[in-house]
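Please read the structure below before turning to the comments.
Chain A is the first sequence line, chain B the second, and so forth, proteins listed ahead of strands; every chain is numbered from 1.
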There are 4 protein chains.
Amino acid sequence: MIEIDKYSRTPIYEQIVNAFEQLIASAELKANDVLPSVRMLSQQLSINPNTLQKAYAELERKGLCYSVPGSGRFISDDAQNKVFGKKGELLQELKAIAEELRLFKVSLEEVIETVRAVY
Amino acid sequence: MIEIDKYSRTPIYEQIVNAFEQLIASAELKANDVLPSVRMLSQQLSINPNTLQKAYAELERKGLCYSVPGSGRFISDDAQNKVFGKKGELLQELKAIAEELRLFKVSLEEVIETVRAVY
Amino acid sequence: MIEIDKYSRTPIYEQIVNAFEQLIASAELKANDVLPSVRMLSQQLSINPNTLQKAYAELERKGLCYSVPGSGRFISDDAQNKVFGKKGELLQELKAIAEELRLFKVSLEEVIETVRAVY
Amino acid sequence: MIEIDKYSRTPIYEQIVNAFEQLIASAELKANDVLPSVRMLSQQLSINPNTLQKAYAELERKGLCYSVPGSGRFISDDAQNKVFGKKGELLQELKAIAEELRLFKVSLEEVIETVRAVY
DNA sequence: GTGGTCTAGACCACG
DNA sequence: GTGGTCTAGACCACC
């Protein structure tokens with residue numbers, strides 16, 4: 001369900017946040033779905049529970065989930081709306097990369113072709 | 001000539017490496033051109049000489065320049081060839097972003113339009 | 001475990017790199033063994049943490065170890081294979097010295113005797 | 001006659017000193033032979049005259065040559081004797097290399113064979 | 001003037 | 001606790 005690269009430069013907790021945002025975006029996680037418990041998921045991913053805790057706290061801060069003490073943690077009603085705010089950031093990154101590619105004199109055609117290949 | 005964002009997440013020394021790679025790619029720096037001295041450029045960018053030293057060491061490691069102690073630092077003969085190896089990495093990044101955008105259900109048209117705007 | 005000569009012409013960080021390469025070569029350090037932390041070892045050798053950091057970065061660059069930020073630094077799986085590539089370099093140096101000795105009209109017997117004394 | 005590697009880690013002036021020591025050792029330069037003038041040789045090697053000056057000063061300091069103002073610079077009578085003092089240093093280096101090779105588990109036979117190939 | 005190395009000490013993010 | 005980065009300032013050898 002979620003894959004972690006321990007050796008990546010992007011922090012583990014951020015990888016987790018990204019993963020959940022994608023799951024929400026692709027509607028694999030819907031409003032009021034329950035998230036895996038910290039203990040279970042941290043064990044399953046063999047990461048430090050503190051790290052997962054931090055990821056969940058971040059998701060909460062972003063309003064993508066809420067916790068019900070003694071019961072669990074659930075996806076917010078408006079999670080999917082909020083997560084699409086990330087679209088802008090991604091497009092921003094896309095522009096940055098495209099800008100660099102232009103400086104490296106890569107043709108527009110080649111760039112578009114590369115993008116099209118993914119879709 | 002070079003602009004540094006002190007608060008960026010990417011380390012200063014890496015920003016500098018990228019900047020020089022671009023200057024080489026765009027042929028603003030050619031083989032055997034002399035690079036600005038450590039002291040001068042570090043002062044001009046108001047960063048620590050050590051930080052710049054680290055950036056220059058990295059460029060050297062990549063074979064993009066060579067240093068002649070007591071004399072200066074110069075662009076390698078084959079710097080431009082080497083730097084174009086970076087094109088592949090950038091296209092790789094592009095694919096990763098495009099992949100994410102697809103997961104966020106951004107239409108292919110919108111992505112291409114964004115790219116085209118940069119060129 | 002490691003000995004540093006502060007006054008040697010070869011930089012401290014390079015002495016450290018060499019020391020670790022030998023420890024790997026002699027299998028005193030094996031794959032996935034943890035390296036001493038920057039703080040601890042720098043204190044023990046009474047050198048600056050930055051200097052040790054530089055040595056460790058070099059080992060990493062050579063693919064002899066990898067770091068997991070917040071966790072530690074570990075010997076690579078294929079470290080021992082890589083380090084044996086150094087054998088060739090050493091034999092190269094040996095030839096250079098022998099060549100010089102020949103120019104100085106040192107007899108082959110004396111050279112061989114000197115070598116044999118070390119083994 | 002003399003070859004310089006501008007990019008070597010050993011300083012240029014030291015390369016020159018070494019070169020002359022070898023020429024003396026191999027008797028290509030004998031007592032009272034004249035050395036090339038600073039201006040001529042520095043031009044021929046396309047190095048800075050100051051650098052050559054420093055090399056000559058070093059040779060003089062070692063008693064391998066003497067200068068006669070207005071006339072030139074000449075090899076000392078006992079230059080060849082003195083230069084053979086370097087034999088000890090070279091044997092020292094040889095031992096250091098052999099020691100390292102032993103740590104890298106290179107067999108004595110292979111080491112001796114490598115040495116023999118040079119002679 | 002140049003590059004190379006080192007020390008001392010600080011701050012940050014991560015686990 | 002860990003590694004990563006940065007600053008400030010020093011010293012050296014070399015050209």
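A search for salt bridge (charged side-chain N to carboxylate O under 4.0 Å, His left out) contacts involving Glu21(C) returns Lys62(C), Lys86(C), not counting sequence neighbours.
Atom CD1 of Ile12(A) is separated from atom P of dC14(E) by 10 Å (rounded to the nearest Å). For the pair Glu58(C) CD and dG4(E) P, the interatomic distance rounds to 14 Å; values are reported in whole Å. Here the P atom of nucleotide dA13(F) and the CZ atom of Arg9(C) are 9 Å apart, to the nearest Å.
Taking the six-membered ring where the residue is Trp, the centroids of Tyr13(C) and Tyr56(C) are separated by 6.0 Å or more.
Comparing Ser67(B) and Glu14(A) along DNA chain E, the residue whose closest nucleotide (by nearest heavy atom) sits nearer the 5' end is Ser67(B). Nearest-nucleotide mapping onto DNA chain E: of Pro69(B) and Asn48(A), the residue sitting toward the 5' end is Pro69(B).
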* Structure fact -> Annotated structure of DNA chain F as dot-bracket, pair cut-off 3.5 Å, Watson-Crick or G-U only, | for inter-strand, is ||||||||||||||.
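Contact between Met40(C) and Ser37(C) at its shortest, heavy atoms only, is N-OG, 3.1 Å.
A heavy atom lying under 4.0 Å from DNA chain F marks none of the residues of residues 35-44 of chain B.
In this model, the phosphate group of dT5(E) is approached by a side-chain N or O of Lys54(C) to a distance below 4.0 Å at OP1 or OP2. For the pair Gln53(C) and dG4(F), the criterion of a side-chain N or O lying under 4.0 Å from OP1 or OP2 is met. One finds no side-chain N or O of Tyr13(D) lying less than 4.0 angstrom from the OP1 or OP2 phosphate oxygen of dC15(F). The phosphate of dG4(F) (OP1 or OP2) has a side-chain N or O of Arg73(C) nearer than 4.0 angstrom.
Residue contacts shown for Ile47(D) are absent, as no nucleic acid heavy atom lies under 4.0 Å away. Tyr56(C) comes within 4.0 angstrom of nothing in the nucleic acid, heavy atoms only.
When distances run from any side-chain atom of Pro11(D) to the nucleotides dC14(F), dC14(E), dT5(E), the shortest one goes to dC14(F). Side chain of Asn50(C), nearest nucleotide from dG9(F), dG9(E), dG3(F): dG9(E).
Under 4.0 Å is where a charged nitrogen must lie from a carboxylate oxygen, and between Lys95(B) and Glu89(B) no such pair does.
Within the 3.5 Å criterion, the main-chain N or O of Arg39(C) finds a donor-acceptor partner in the side chain of Ser42(C).
The one candidate from Val38(C), Val68(C), Val34(C) that meets the side chain to side chain contact (heavy atoms under 4.5 Å, CB included) condition with Arg73(C) is Val38(C).
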